[in-house]
Amino acid sequence: MIARPWSLIFFLLSGIIFAAALTQMAGSPQQSQNRRSASARPHQTAPANSISFADVTKSTGIDFHLTCGSLEKRYIMETMCGGVAVFDYDNDGWMDIYLVNGSTLEDVRSGKCHTGKLYRNNHDGTFTDVTAKSGLTHCGWGFGVAVGDYDNDGWDDLYITYLEGGVLYRNNRDGTFSDVTEKAGVGNLGHWGTSAAFGDYDNDGNLDLYVANYVDLDLNHLPEFGKGPFCQYRGIPVSCGPRGLKGGRDRLYHNNGDGTFTDVTEKLNIDSGSYYGLGVLWLDYDKDGCLDLYVANDSSPSLLYHNNCHGGFDEVGAPAGAAYSADGREQAGMGIDSADYDNDGWPDIVKTNFSDDSNNLYHNDHNGQFTDGAGPAGFGPISIPFLGFGIKFVDLDNDGWPDVFVANGHVNPQVDQHSFGVTYAERPFLFHNLKNGKFEEVGLRAGASLARRYVGRGLASADFQNRGVEDILMTVLDGSPLLLRNRAAATGHWLLIKAVGTASNRDGFGAQVQVKAGNLVQTGEVRANSSFESASDPRLHFGLGAADHIDEITVHWPSGRVDKIGTENANQELIIKEGAGVTARIPAKITRPASR
């Protein structure tokens, strides 16, 4: 995490822009009514209450506390916990939840466990804790989680990153999981993994695995709090790093198709600089049918690996315009996601950064390059005093245009003791898409839960009630997660698509889906893993606005096959199988049979 002197930031940013950002920073219920009213005055293209959320965490049965070191955060690993996975582990058609847990230095040394928790969806958006019988029992300091059916048996598996290595859990298809790490060869031994992601980079029908590694720590020789040039933030003592610490080289594991993987990191020249990896995203940014890879790094350039479609990659982050800030500076990248936010048919990228810096909104220019439009889009300036982690593109009002949700929260609790204009706990952001390339931040008008402050980390989206609207799940450091039920006052029609590959990987990860409905043409890419250390509902969700039917659906599968589907009704889930078309049509809010 980059901790820049405030004087440098002051000269880089105009006083007017920064002052405007600070006026929008507050968000606790204790802020004055005048200040809250002022933040609600900008021009709107939708009613102020069109998107709203309610905190339903406790009422839905989620009882979880995220442990992550001491409250003082004296060491860097105590600031980064919070992975969450949303996936259908039992194939009943309802999204379940896995929450990764951390630990403390004392408990790691003594062998005391803080296991994560698996919650089964009760077919109504409430949950039952089924951890005890799940087999998800590894004892370690956990961080991130990835979801993917690595063995193509029709049941999603889990990969969890830890302070010391990683664990691959195979889904046993009976509600339990088995640790197959050693057999599979994906232990990430000696490394602290953060985000991870499954994706089939060589289109052989088997999901490969990328693991972002942060720093290589020696728990017996940790840097002393506040001692040294990289242990300061605005002149006050804080935890050390990552600069000054040894970076952990990321790992790329190729799936051999027999339940094992081969580490091809060195062979393919992945992360040769051993940068501080935090966010991972597979996407086909140039639409050539081969998955590319974007990695958000802390205190170093972000990396964009262009897939040459011959089994290798070329790192093109700098020439593509996605390695640095708009003014050419290294950033402290955290979470990343991709979607076609302006409906021009090309995937764009969003990235969160450390405070004293703007978040990025990289617009895809259709020529292999990106332009950071965060400023003109109204997306960047407000983020400058905030520190963002998890981030998701998600159409929250079903108008057919992706909105953006951001989990914010600082890493240094010591900032609360000073008048820096930043706080440790911070309110989340909700950016409403204005359909003209711009966004409006409407979090303070989206319910009391979004006006409160949290130390946000992981973030995922899902339709937990199968009713056609997306909910939000955010993890909170040293606290309970936040399950936000979407209470949008009025939403458009919608469509869910579950992709099932045959020649392609079973999850259909990497499939590109185009949906035409009336005058709106939308494009989505199937994936689960993005944001920060997290995995979301893998079903593609399309808001349709006023359109009550779909004119045409086109699916470009990783295998190269193209399936075209004609007219379909809105407000349902379609299960589309490669080569077979629609195999099931599922209306909203009913219990469904297994989908595979």
Side-chain angles (χ1 to χ4, degrees), residues 53 56-57 60-62 64 66 82-101 116-131 134 136 142-149 155-161 169 171 175 177 195-198 280-281 335 337 339 389-396 405 407 456-476 480-486 496-499 507-509 524-541 573 592 595:
F53 290 95
V56 296
T57 312
T60 54
I62 296 177
F64 177 81
L66 175 58
V84 56
V86 174
F87 71 126
D88 182 9
Y89 83 95
D90 54 359
N91 272 355
D92 63 356
W94 296 78
M95 291 296 117
D96 311 300
I97 295 170
Y98 181 76
L99 292 159
V100 182
N101 211 347
K117 283 191 176 184
L118 177 65
Y119 290 94
R120 182 179 185 272
N121 194 319
N122 298 322
H123 298 184
D124 59 2
T126 67
F127 299 89
T128 298
D129 184 348
V130 295
T131 311
S134 70
L136 300 170
F143 287 88
V145 57
V147 171
D149 183 5
W155 298 74
D156 276 328
D157 311 295
L158 286 182
Y159 185 82
I160 304 173
T161 62
Y169 283 106
N171 192 324
F177 294 80
S195 295
F198 286 100
V280 179
L281 179 71
D337 197 21
F389 276 90
I391 188 165
K392 280 295 296 178
F393 277 113
V394 54
D395 183 357
L396 294 167
F405 197 101
R457 290 298 183 261
L459 183 72
S461 61
D463 184 355
F464 286 116
Q465 292 185 312
N466 288 327
R467 61 196 175 107
V469 293
E470 297 285 298
D471 301 318
I472 296 292
L473 180 60
M474 181 178 77
T475 64
V476 177
S480 167
L482 190 67
L483 177 55
L484 295 169
R485 184 75 78 219
N486 191 333
L496 275 177
I497 293 179
K498 180 178 179 61
D507 283 321
F509 288 176
E525 190 170 76
V526 181
R527 70 171 64 88
N529 311 286
S530 65
S531 186
F532 173 73
E533 298 183 339
S534 299
S536 291
D537 189 339
R539 300 173 296 182
L540 284 177
H541 170 264
E573 177 182 344
R592 292 96 55 83
S595 59

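Scanning both residues, Ala146 and Asn529, for their nearest heavy atoms gives CA-OD1, 3.2 Å. Among all heavy-atom pairs drawn from Asp92 and Trp94, the shortest one is OD1-N, 3.0 Å. Across Lys392 and Ser461, no two heavy atoms sit closer than the pair CE-OG, 3.4 Å. Here the closest non-hydrogen pair linking Pro481 and Phe64 is CD-O, 3.4 Å. Among all heavy-atom pairs drawn from Phe405 and Leu459, the shortest one is O-CD2, 3.4 Å. The shortest non-hydrogen separation linking Gly456 to Met474 is CA-SD, 4.3 Å.
The salt bridge (Lys or Arg N to Asp or Glu O under 4.0 Å) search around Asp471 returns Arg467, Arg485, not counting sequence neighbours.
Thr475 places a side-chain N or O within donor-acceptor distance of the main-chain N or O of Gly82, the cut-off being under 3.5 Å. Ser531 places a side-chain N or O within donor-acceptor distance of the main-chain N or O of Ile391, the cut-off being under 3.5 Å. Side chain of Asn122 to main chain of Asp124: no donor-acceptor pair is present (N/O by atom type, distance under 3.5 Å, no hydrogens or angles). Under the 3.5 Å distance criterion, the side-chain polar atoms of Asp129 are matched with a main-chain donor or acceptor of Thr131. Within the 3.5 Å criterion, the main-chain N or O of Gly468 finds a donor-acceptor partner in the side chain of His541. Listed for the Arg539 side chain is a donor-acceptor partner under 3.5 Å among the backbone atoms of Asp463. When atom types are taken as modelled, the side chain of Asn121 and the backbone of Asp96 share no donor-acceptor pair closer than 3.5 angstrom. A donor-acceptor contact shorter than 3.5 Å is absent between the side chain of Thr161 and the backbone of Ser195. In terms of modelled atom types and a separation under 3.5 Å, the side chain of Asn486 and the main chain of Ile472 share no donor-acceptor contact. Side chain of Asp507 to backbone of Gly148: no donor-acceptor contact under 3.5 angstrom is found.
Ile62 contributes atom CD1, which lies 7.5 Å from atom OG of Ser480 (distance to the nearest 0.5 angstrom). Separation of atoms CG (Asp157) and CG (Asn171) is listed at 6.0 Å; rounding is to 0.5 Å. In this structure, Glu470 CD and Leu496 CG are separated by 6.5 Å, a value rounded to the nearest 0.5 Å. The distance from atom OG of Ser536 to atom CE of Met95, rounded to the nearest 0.5 Å, is 11.0 Å. The CZ atom of Phe177 sits 9.0 Å away from the CD1 atom of Ile160 when rounded to the nearest 0.5 Å. Separating the CZ atom in Phe532 from the CG atom in Asp337 is a distance of 14.5 Å, to the nearest 0.5 Å.
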As a quick check of understanding, evaluate side-chain contact (heavy atoms from CB on, under 4.5 Å) for Tyr119 and Thr60, giving each step before the final call.
CA-CA 10 Å; Tyr119 290 94; Thr60 54; over 6 Å; no
Check against side-chain contact (heavy atoms from CB on, under 4.5 Å), Val86 and Phe464:
CA-CA 9 Å; Val86 174; Phe464 286 116; 3.8 Å; yes
Residues Arg457, Glu533; criterion side-chain contact (heavy atoms from CB on, under 4.5 Å); working and verdict
CA-CA 9 Å; Arg457 290 298 183 261; Glu533 298 183 339; 5.8 Å; no
Please assess Leu66 against Leu99 for the test side-chain contact (heavy atoms from CB on, under 4.5 Å), listing each intermediate value before the final yes or no.
CA-CA 8 Å; Leu66 175 58; Leu99 292 159; over 6 Å; no
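Ring planes of Tyr159 and Phe198: perpendicular class, angle over 60° (limits at 30 and 60°).
Asp156 pairs with exactly one of Asp90, Asp88, Asp149 by the side chain to side chain contact (heavy atoms under 4.5 Å, CB included) rule, that one being Asp149.
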